[in-house]
Amino acid sequence: MLLNKLLKIVLIISLVLLIITLNFKLLALNQNFYQEEFNKLNIYDKIPDADKNALNLINYIKDREQLNNFFNEKEKLHMKDVKNLIQKIFLLFYTSLILTILLLIYFIYTKNYKIILNSIFLSSLSTIIITLILFLSLLNFNIAFTKFHLIIFSNNLWQLNSETDNLINLFPLEFFYDITKQIIINILISSFILIILTLIIKIKIKQKIFK
């Protein structure tokens, strides 16, 4: 059936986006991860109140408060761009989540369980391939980081100076390397778990059929 084939493709794409954006969402504004990184990178030596300023930034992105005076005007303008980007990613997460749930309900209602299992398997496999390609960016993170900013942002506000801008001292390049690596690892783990689960279910179904 053509409709089911089209919906299967949509479900696969939606699941890929969901896996990626979910893992981004879980870590991007995770204060515990920030604190671990601040300890690892000795940020507290330079900025004793790093936790307070990081929480202020998190709350700003969540529309709970404005940025404090720790950040200068250039940094505030850049964080406005970052906030818009993160909120768009979060919107993509919620959109893919709702779409995935609706499609799963449809296929469950129509009893197309095979399509559900195949979609989960293919989306997880596709996510692993995409993520492994992204993993290559870690081999030369400086170049990847610069190219990302040049593509995403239409201004040079992201080009900060550690002598004059606090933001780059609070979140140095090493922080972004670590958070990117951890998101990639989490995505890979999530995808492998889904693949294993679908394979186990398929094996159980076959065993039940031929029992």
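Start at 1 with the first residue, then count along the sequence.
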Chemist: Determine the minimum heavy-atom distance between Ile183 and Asn23, stating which atoms define it.
Modeler: CG1-O, 4.2 Å
Chemist: To the nearest 0.5 Å, what is the distance between CD1 (Ile130) and CG (Leu188)?
Modeler: 11.5 Å
Chemist: Minimum heavy-atom separation for Ser14 to Thr100, with atom names?
Modeler: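 Closest heavy-atom pair between Ser14 and Thr100: OG-OG1, 2.7 Å.
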Chemist: Within the 4.5 Å heavy-atom criterion, are Leu160 and Lys74 side-chain neighbours or not?
Modeler: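 A side-chain contact under 4.5 Å exists here.
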Chemist: Do you know which two heavy atoms are closest between Ser124 and Leu194, and how far apart they sit?
Modeler: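 Where Ser124 meets Leu194 most closely, the heavy atoms are OG-CB, 3.2 Å.
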Chemist: In Å, rounded to the nearest 0.5 Å, how long is the span from NZ of Lys114 to NZ of Lys8?
Modeler: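 Lys114 NZ to Lys8 NZ: 8.5 Å, rounded to 0.5 Å.
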Chemist: Under a 3.5 Å distance rule, please check whether Asn30 uses its side chain to pair with a backbone N or O of Phe33 as donor and acceptor.
Modeler: yes
Chemist: Main chain of Phe70, side chain of Asn166: is a donor-acceptor contact present, judged purely on distance under 3.5 Å?
Modeler: yes
Chemist: Between Ile43 and Glu37, does the side chain to side chain contact (heavy atoms under 4.5 Å, CB included) criterion hold? Intermediate values first, please.
Modeler: CA-CA 8 Å; Ile43 302 299; Glu37 284 297 302; over 6 Å; no
Chemist: Using the six-membered ring of Phe121, assess whether NZ or CZ of Lys202 lies under 6.0 Å from its centre and within 45 degrees of the ring axis.
Modeler: yes
Chemist: How are the rings of Phe148 and Phe153 set relative to one another: parallel (under 30°), tilted (30 to 60°) or perpendicular (over 60°)?
Modeler: perpendicular
Chemist: Where do Ile195 and Ile128 land on the side chain to side chain contact (heavy atoms under 4.5 Å, CB included) test, with the steps shown first?
Modeler: CA-CA 10 Å; Ile195 284 176; Ile128 289 172; 3.5 Å; yes
Chemist: Could you check if a side-chain atom of Asn56 sits within less than 4.5 angstrom of a side-chain atom of Arg64, using non-hydrogen atoms only?
Modeler: no
Chemist: Supply the atom-to-atom distance Phe38 CZ to Leu170 CG, rounded to the nearest 0.5 angstrom.
Modeler: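 Between Phe38 CZ and Leu170 CG, I get 4.0 Å after rounding to 0.5 Å.
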Chemist: Side chains of Gln35 and Tyr44, heavy atoms from C-beta outward: is any pair under 4.5 Å?
Modeler: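 Sidechains of Tyr44 and Gln35: in contact.
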Chemist: OH/Tyr177 to CG/Asn142 distance, rounded to the nearest 0.5 angstrom?
Modeler: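 Between atom OH of Tyr177 and atom CG of Asn142 there are 10.5 Å.
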Chemist: Would a distance-only check, ignoring hydrogens and angles, find a side-chain to backbone donor-acceptor pair under 3.5 Å from Asp165 to Leu167?
Modeler: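 Not a single qualifying donor-acceptor pair exists.
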Chemist: Kindly give the heavy-atom pair with the smallest separation between Leu117 and Thr198, and that separation in Å.
Modeler: O-CG2, 3.9 Å
Chemist: Would you say Leu27 ends up clustered with Ile193 if hydrophobic residues are merged whenever their side chains have heavy atoms under 4.5 Å apart, either directly or through other cluster members?
Modeler: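 No.
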Chemist: Let me see the working for Asn4 and Phe107 under side chain to side chain contact (heavy atoms under 4.5 Å, CB included), right down to the final yes or no.
Modeler: CA-CA 8 Å; Asn4 282 348; Phe107 284 124; 3.9 Å; yes
Chemist: Following the transitive rule for hydrophobic clusters with a side-chain heavy-atom cut-off under 4.5 Å over Ile, Leu, Val, Met, Phe, Trp and Tyr, establish whether Ile152 and Leu157 coincide in one cluster.
Modeler: no
Chemist: When rounded to the nearest 0.5 angstrom, what is the spacing between OH in Tyr106 and CG in Leu7?
Modeler: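 Going from the OH atom of Tyr106 to the CG atom of Leu7 covers 5.5 Å.
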Chemist: Is it possible for you to say whether Ile179 and Trp158 belong to one hydrophobic cluster, with membership spreading through side-chain heavy-atom contacts below 4.5 Å?
Modeler: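 Yes, Ile179 connects to Trp158 through the hydrophobic network.
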Chemist: Side-chain heavy atoms nearer than 4.5 Å, only ILVMFWY residues, links allowed to pass through others: does that put Phe93 and Ile13 together?
Modeler: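 In one cluster: no.
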Chemist: Please tell me whether Phe71 and His78 form a close aromatic pair, meaning their ring centres lie under 6.0 Å apart.
Modeler: no
Chemist: Side chains of Gln182 and Asn186 only: does a donor on one sit below 3.5 Å from an acceptor on the other?
Modeler: yes
Chemist: Side-chain contact, heavy-atom cut-off 4.5 Å: Asp63 with Lys83?
Modeler: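 Heavy-atom side-chain distance check passes, below 4.5 Å.
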Chemist: Check this for me: Phe90, atom CZ, are more than 12 non-hydrogen atoms of other residues, nucleotides or ligands nearer than 6.0 Å?
Modeler: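 Yes, because the 6.0 Å sphere around CZ of Phe90 holds more than 12 heavy atoms from other groups.
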Chemist: Decide yes or no for Leu77 and Asp81: does some side-chain heavy atom of the first lie under 4.5 Å from some side-chain heavy atom of the second?
Modeler: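 The answer is no, as the side chains (C-beta and beyond) never meet within the 4.5 Å cut-off.
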Chemist: CG of Leu22 to NZ of Lys25: how many Å apart, nearest 0.5 Å?
Modeler: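 Those atoms lie 8.5 Å apart.
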Chemist: Group every Ile, Leu, Val, Met, Phe, Trp and Tyr by side-chain heavy-atom contacts under 4.5 Å, then state whether Ile19 and Ile98 land in the same group.
Modeler: no
Chemist: Should the pair Tyr34 and Phe175 be assigned to parallel (<30°), tilted (30 to 60°) or perpendicular (>60°) ring geometry?
Modeler: perpendicular
Chemist: Can you see which heavy atom on Met79 is nearest to which on Ile61, and at what distance?
Modeler: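 Scanning both residues completely, I find the closest heavy atoms to be CE-CD1, 4.1 Å.
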Chemist: When you look at Phe171 and Leu57, which way does the side chain to side chain contact (heavy atoms under 4.5 Å, CB included) test go after all the steps?
Modeler: CA-CA 11 Å; Phe171 299 109; Leu57 188 144; 3.8 Å; yes
Chemist: Taking all non-hydrogen atoms of both residues, which atom of Ser96 and which atom of Leu18 are closest, and how far apart?
Modeler: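 Closest approach of Ser96 to Leu18: OG-CA, 3.6 Å.
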